[in-house]
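Beneath this line is the structure, given in C-alpha cells, with notes to follow.
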Amino acid sequence: MFSDLKICVVGLGYIGLPSAALLANRGYQVQGVDVAPDVVDTINQGDIHIVEPDLDSFVHSAVNSGRLEASLEPEPADIFVLAVPTPFHDGFVPNIDYVLDATRSITSVVKAGDLVILESTSPVGTTERVAEALREGGVDTTQVHIAHCPERVLPGHIMRELVENDRIVGGITPEASEKVAAFYRTFVTGEVLVTDARTAEMAKLTENSFRDVNIAFANELSLLCDKFGIDVWELIRLANRHPRVNILQPGTGVGGHCIAVDPWFIVHEGGDDARLIRTGREVNTRKTEWVVEKVKSEVASYRDSNGRNPVVACMGLAFKPNIDDLRESPALWVFQQLVAADVQPLAVEPNLRTHPSISLTPWNEAVAQADIVVFLVAHREFKSVNVNAKVLDFCGVTQA
C-alpha cells in the first residue's frame with residue numbers, strides 16, 4: 001500500500017509545502033526538505049511562511065500529527081517529489097539549476113524501486129536531465145521509476161485543486177508512468193492521465209502559453225481602446241454576448257512563476273516557429289510598460305496643475321488577486337519603476353505584513369492620503385473602497 005511508504009518533498013514553496021501538507025494529512029509519512037533554515041524552522045513549529053487559504057490548518061495538523069517534518073537534507077524515502085523553482089537566466093534562457101541541484105541532493109538516498117517525480121514546470125527534456133543527473137550520482141535508473149507530473153493549480157485555490165484537478169503523468173518509461181499515476185490516484189479525485197515525459201512537459205507549457213496569448217488579446221484591446229476613447233470593460237462585456245466569444249479581462253500585465261515564464265521555455269526551444277507565443281509575451285510585457293507611462297503622465301499633469309508632486313497609492317503588489325506571491329509581478333515592477341522615476345508612491349499589499357525592502361501602507365490610509373489611486377491588483381479589500389482622488393484602474397476594481 002502507498003500509505004505505508006515515506007515521501008520526501010524537496011522544495012517547500014508555493015507547491016511543495018501544500019503538497020507535503022496534503023499528503024501528510026492523507027496518512028503518508030512526509031519529510032519536507034528546503035535549503036532555507038528559517039523555512040524549515042517555521043514549518044516544524046506548525047506555521048507557514050507563505051499565504052494560501054487553508055494551508056495553515058493543513059500544515060498545523062500535519063506537523064502536530066507527527067506525519068510532516070521539515071529538514072535541510074533529504075533522507076531515505078520511497079517516493080521523491082521535486083518541487084523547486086524553474087526561473088530563467090538573462091535573455092529568457094530556461095534555468096533548471098534548482099531542479100538539477102535537487103536531483104543531486106537525493107542521489108545518495110534513492111534506492112531500487114523508488115519513484116522520483118518532477119513536479120516543477122520545466123522545459124521539454126528536463127525529466128530526461130533528471131534521469132541523467134541520477135545516473136551521474138551513481139543511481140541505477142533502470143531500477144528507479146522517473147516521471148514528470150506538472151502542478152496545475154491556481155494560487156488561492158491550491159489545497160482544493162491539488163485534489164480535484166486532473167493530473168498528467170509522463171514517465172521516462174511506460175512502467176514509470178503507470179506506477180507514478182497509481183500513486184497520484186490515491187489522493188487525486190480528478191482524472192490522472194498517462195503519457196510520456198516530453199508530452200507531459202509540453203502540456204503544462206502549452207496550457208500556460210494558451211492563457212498568456214488570450215490575456216494578451218485582452219491587454220492589446222485595452223491599449224487600442226485607450227487610443228480610440230472606448231471603455232474596454234464595456235467593449236468586452238458586449239463582445240462576450242456573442243455565443244462563441246469569451247474574451248478575458250485586461251490587467252496590469254501577466255505575472256507569477258507560470259504564465260509569465262513558461263511561454264519563454266517554448267520560445268527558447270521553438271525559435272521562429274513560436275511566433276504567436278512570443279508575440280503574446282511581448283504584448284503582455286508592453287502592457288505593463290504602458291501602465292507605467294500612463295501613471296507617470298498623470299503625475300506630470302497633476303504637478304503642472306497643482307504646483308506640487310501628488311501622493312500616489314499603488315494598490316496591490318502581488319501578481320494576482322488575494323495572494324501574497326510577488327514572483328514576476330507586473331504590479332511590483334510598476335511600483336519599482338515609479339520609485340526609480342522619483343514618484344515616491346505608497347505601496348499597498350494587504351496580503352503581506354512586511355517586506356524586506358518596501359515600506360507598506362495600510363490600504364485605507366493610502367487611499368485617504370492619495371491624490372492619485374492606482375489600482376494594479378484586484379484584491380478583495382479594494383472592491384468596497386470609496387475614493388475621492390483621481391483613479392487609474394488597470395485591473396477592473398471599479399467595474400460593477
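With salt bridges taken as basic N to acidic carboxylate O contacts below 4.0 Å, one links Asp226 and Lys294.
Side-chain atoms of Thr86 never come within 3.5 Å of backbone atoms of Ser122 as a donor-acceptor pair (strictly under, hydrogens ignored). Under a 3.5 Å cut-off, the side chain of Arg275 and the backbone N or O of Asp272 do form a donor-acceptor pair. Within the 3.5 Å criterion, the main-chain N or O of Val373 finds no donor-acceptor partner in the side chain of Lys390. With hydrogens and angles disregarded, a donor-acceptor distance shorter than 3.5 Å links the side chain of Ser329 to the backbone of Leu332. The backbone N or O of His257 lies less than 3.5 Å from no partner atom in the side chain of Arg327, so there is not a single donor-acceptor pair. In this structure, Asn219 contributes its side chain and Gly251 its backbone to a donor-acceptor pair below 3.5 Å. At least one donor-acceptor pair closer than 3.5 Å links the side chain of Asp393 to the backbone N or O of Thr398. Formation of a donor-acceptor pair under 3.5 Å by the Thr107 side chain with backbone atoms of Leu134 is not found in this model. A distance-only check finds a donor-acceptor pair linking the side chain of Asp166 to the backbone of Glu191 [under 3.5 Å]. No donor-acceptor pair closer than 3.5 Å links the side chain of Thr252 to the backbone N or O of Ala331.
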Practice task
Could you walk me through whether Leu376 and Leu392 pass side-chain contact (heavy atoms from CB on, under 4.5 Å), step by step?
Solution key: CA-CA 9 Å; Leu376 300 172; Leu392 297 178; over 6 Å; no

Practice task
Evaluate the criterion side-chain contact (heavy atoms from CB on, under 4.5 Å) for residue pair Phe394 and Phe375; output intermediate values, then yes/no.
Solution key: CA-CA 6 Å; Phe394 298 107; Phe375 288 111; over 6 Å; no

Handout entry: Check against salt bridge (charged side-chain N to carboxylate O under 4.0 Å, His left out), Arg198 and Glu128
Key = CA-CA 9 Å; Arg198 285 188 164 233; Glu128 295 162 25; 2.7 Å; yes

Handout entry: Chi angles and distances behind the side chain to side chain donor-acceptor pair (under 3.5 Å) call for Glu164, Thr189
Key = CA-CA 5 Å; Glu164 295 180 0; Thr189 60; 5.9 Å; no

Handout entry: Verdict with supporting geometry, Leu238 and Glu234, side-chain contact (heavy atoms from CB on, under 4.5 Å)
Key = CA-CA 6 Å; Leu238 294 173; Glu234 181 183 8; 4.0 Å; yes

Practice task
Could you go through the side-chain contact (heavy atoms from CB on, under 4.5 Å) check for Thr288 and Val334 one step at a time?
Solution key: CA-CA 7 Å; Thr288 308; Val334 168; 3.7 Å; yes

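Every residue meeting the salt bridge (charged side-chain N to carboxylate O under 4.0 Å, His left out) condition with Asp114, not counting sequence neighbours, appears here in chain and number order: Lys111. Partners of Asn351 under the side-chain contact (heavy atoms from CB on, under 4.5 Å) rule, at least two apart in sequence or in another chain, are Asp324, Glu349, His379. Legend: residues meeting side-chain hydrogen bond (donor to acceptor under 3.5 Å, both in side chains) with Glu132, ordered by chain and number and at least two apart, are absent. Taking Ala378 as the reference, Pro321, Lys383, Cys395, Val397 meet the side-chain contact (heavy atoms from CB on, under 4.5 Å) condition, with sequence neighbours excluded. Legend: residues meeting side-chain contact (heavy atoms from CB on, under 4.5 Å) with Thr199, ordered by chain and number and at least two apart, are Thr195, Asp196. Residues passing the ring pair (Phe, Tyr, Trp, His ring centres under 6.0 Å) test with Phe92 are Phe88, Trp264, sequence neighbours excluded. Residues passing the side-chain contact (heavy atoms from CB on, under 4.5 Å) test with Lys296 are Val292, Leu338, Ala341, sequence neighbours excluded. With sequence neighbours left out, Asp54 forms a side-chain hydrogen bond (donor to acceptor under 3.5 Å, both in side chains) with no residue at all. In terms of the salt bridge (charged side-chain N to carboxylate O under 4.0 Å, His left out) criterion, residue partners of Glu75 (sequence neighbours excluded) are, by chain and number, Lys6.
The side chain to side chain donor-acceptor pair (under 3.5 Å) analysis of residues 298-307, with sequence neighbours excluded, yields the pairs Tyr302-Arg308, Tyr302-Asp371, Arg303-Asn309. The stretch residues 201-214 participates, sequence neighbours left out, in these salt bridge (Lys or Arg N to Asp or Glu O under 4.0 Å) pairs: Glu151-Lys204, Arg152-Glu207, Asp212-Arg281. Annotation: salt bridge (Lys or Arg N to Asp or Glu O under 4.0 Å) contacts involving residues 117-126, sequence neighbours excluded, comprise Glu119-Arg167.
With a 6.0 Å radius and a threshold of 12 heavy atoms from other residues, nucleotides or ligands, Asn388 has its CG atom at or below the threshold. Environment of CZ in Arg286: crowded, with over 12 heavy atoms of neighbouring residues, nucleotides or ligands closer than 6.0 Å. Counted within 6.0 Å of CD on Glu73, heavy atoms from surrounding residues, nucleotides or ligands total 12 or fewer; the atom is thus considered open.
Residues Ile117 and His148 have side chains not in contact (no heavy-atom distance under 4.5 Å, counting atoms from C-beta outward). Taking 4.5 Å as the limit, every side-chain heavy atom of Gln336 sits out of range of all side-chain heavy atoms of Val339. Between His268 and Val93, the closest side-chain pair of non-hydrogen atoms falls below 4.5 Å. Annotation: side chain of Leu317 is not in contact with side chain of Val377 (no heavy-atom distance under 4.5 Å). Side-chain contact between Val33 and Ser105 is absent, with no heavy-atom pair separated by less than 4.5 Å.
Both Phe80 and Ile172 are members of a single hydrophobic cluster when ILVMFWY side chains are connected at heavy-atom separations under 4.5 Å. At a threshold of 4.5 Å between side-chain heavy atoms, the hydrophobic network of Ile, Leu, Val, Met, Phe, Trp and Tyr places Ile7 and Leu72 in two separate groups. Clustering ILVMFWY residues whenever any of their side-chain heavy atoms sit less than 4.5 angstrom apart, transitively, puts Leu346 in a cluster other than the one holding Val299.
Side-chain polar atoms of Thr42 and Asp47 form no donor-acceptor pair below 3.5 angstrom. For the 3.5 Å distance criterion, the side chains of Ser222 and Lys287 qualify, holding a donor opposite an acceptor. Between the side chains of Thr186 and Tyr28, a donor-acceptor pair is found at a separation under 3.5 Å. His60 and Asp56 form no side-chain donor-acceptor contact under 3.5 Å, judged by distance and modelled atom types alone.
Considering CZ of Phe58 and CD of Glu52, their distance stands at 10.5 Å, rounded to 0.5 Å. Note that the CD1 atom of Ile96 and the CG atom of Asp101 stand 10.0 Å from one another [nearest 0.5 Å].
In plain terms, the two heavy atoms of Val59 and Ala21 that are nearest each other are CG2-CB, 3.9 Å. Between Pro155 and Val153, the shortest heavy-atom distance links the atoms CD-O, 3.7 Å. Ile50 and Gly13 make their closest contact through CD1-O, 3.6 Å (heavy atoms, listed as atom of the first residue, atom of the second, distance). Across every non-hydrogen atom of Asn25 and Ser61, the tightest pair is OD1-OG, 3.0 Å. The two residues Ile277 and Val267 make their nearest non-hydrogen contact at CG2-CG2, 3.8 Å. Between Val169 and Ala147, the shortest heavy-atom contact is CG1-CB, 4.3 Å.
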